[in-house]
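Contents: one structure, followed by commentary.
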Amino acid sequence: MAINEWPEDQRPRERLIKHGASALSDAELLAVFLRVGVKGKSAVDLGRDMIKHFGSLSGLFAANMKDFSSIHGLGAAKYAQLQAVLELAKRAISEELQENASLSSPQAVKNYLQLMIGNKPHESFAVLFLDIKNRLIKAEELFRGTLSHASVYPREVVKAALQHNAAAIILAHNHPSGSCEPSQADISLTQTLKQALALVDVRVLDHFIVANPNVYSFAEHGLI
């Protein structure tokens, strides 16, 4: 049965308008995004298929166009729409971080990093450069590695901080393996970077490890 034949109080779009987006399941939210299903399947059914195929929303968001289009009913147009939605969300959070101190919006920082590097299939090391009021100047992916390792060079981090005239930075990298617990190498690298940046009067406020849907904060665990 097509969604437009469902009772009105069960239709995802109508429920979203009445109760808010948080009241919908992942499949229902995808149904609102998709708008229509395919022959024999409603948009909600197709949404469930997408989550099952990719294992999670994070897996879906990380999919390339070829993998995304492997599901019947999806293609380049829907892939482009999804990427546009994700980029708009990232830019909206970026605006918030540019206007307000990052330390006053720790969840916004985590959300931003999840969108920035959380869905990447490779290990990625990023830096958020902040002004004297801890507002975001720029966010950059400085290093990219394999699934298990990224080479991070302290000299390049210091150089980038000086180029952006940053007063402080937030470090971040992802763990594609799925565990957000820091390794001893992660802890040692953080201390090395902190010492190198202190020489040019740049503070390291935090180091986040992103393994969607979880984010680990070094500061929250007393490691900064």
Side-chain angles (χ1 to χ4, degrees), residues 1-65 67-121 136 139 172 174-176 178-180 208-217 220:
M1 183 184 296
I3 288 178
N4 60 10
E5 298 175 353
W6 294 9
E8 188 169 323
D9 62 353
Q10 294 181 21
R11 299 174 194 170
R13 184 173 60 187
E14 283 73 9
R15 289 185 58 234
L16 185 151
I17 292 171
K18 185 175 182 179
H19 302 292
S22 62
L24 274 62
S25 67
D26 293 345
E28 289 173 323
L29 288 170
L30 286 171
V32 175
F33 165 76
L34 293 167
R35 293 177 49 229
V36 295
V38 294
K39 186 175 181 179
K41 291 185 178 180
S42 69
V44 175
D45 294 328
L46 184 54
R48 291 195 189 100
D49 286 351
M50 293 165 70
I51 296 170
K52 182 178 180 180
H53 180 84
F54 292 106
S56 64
L57 287 176
S58 296
L60 169 62
F61 296 158
N64 58 38
M65 190 171 75
D67 291 339
F68 183 87
S69 302
S70 66
I71 297 180
H72 178 58
L74 303 180
K78 287 298 181 188
Y79 179 79
Q81 285 179 236
L82 181 60
Q83 296 308 306
V85 169
L86 293 174
E87 182 61 25
L88 285 170
K90 187 170 73 174
R91 292 186 187 187
I93 300 173
S94 175
E95 287 179 358
E96 179 182 346
L97 296 178
Q98 288 169 356
E99 294 171 1
N100 304 297
S102 297
L103 294 182
S104 66
S105 306
Q107 189 57 51
V109 175
K110 292 179 181 180
N111 292 342
Y112 182 79
L113 291 171
Q114 285 180 303
L115 289 170
M116 181 181 182
I117 61 173
N119 299 318
K120 293 184 181 295
L136 182 66
N174 65 333
H175 278 181
S179 171
C180 64
F208 290 99
I209 298 177
V210 183
N212 281 346
N214 300 309
V215 181
Y216 182 99
S217 163
E220 290 176 1

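Taking Phe54 as the reference, nothing meets the ring-ring contact (aromatic ring centres under 6.0 Å, His included) condition, with sequence neighbours excluded. Judged as a side-chain contact (heavy atoms from CB on, under 4.5 Å), and not counting sequence neighbours, the contacts of Val38 are Lys41, Leu46, His72. The side chain to side chain donor-acceptor pair (under 3.5 Å) search around Glu99 returns none, not counting sequence neighbours.
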Requested in this report: Step by step, work out the side chain to side chain contact (heavy atoms under 4.5 Å, CB included) result for Phe61 and Asn212.
Outcome: CA-CA 11 Å; Phe61 296 158; Asn212 281 346; over 6 Å; no
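Heavy-atom contacts from other residues, nucleotides or ligands closer than 6.0 Å to CZ of Arg13 number 12 or fewer.
Using a cut-off of 4.0 Å between Lys/Arg side-chain N and Asp/Glu carboxylate O, Lys52 and Asp49 are scored as not salt-bridged. The pair Arg91-Glu95 does not meet the salt-bridge criterion, since no charged nitrogen lies less than 4.0 angstrom from a carboxylate oxygen.
Remark: side-chain polar atoms of Lys78 are paired, donor with acceptor, to backbone N or O of Leu34 under 3.5 angstrom. Checking side-chain atoms of Arg15 against main-chain N and O of Ala23 turns up a donor-acceptor pair under 3.5 Å. Remark: side-chain polar atoms of Gln10 are not paired, donor with acceptor, to backbone N or O of Pro7 under 3.5 angstrom.
When all heavy atoms of Pro12 and Val44 are compared, the pair lying nearest together is CG-CG2, 3.7 Å. Here the closest non-hydrogen pair linking Glu96 and Ala108 is OE2-CB, 3.7 Å. Counting all heavy atoms, side chain and backbone alike, Asn100 lies closest to Ser105 at CB-OG, 4.5 Å.
Side-chain atoms of Ser42 and Asp45 include a donor-acceptor pair closer than 3.5 Å.
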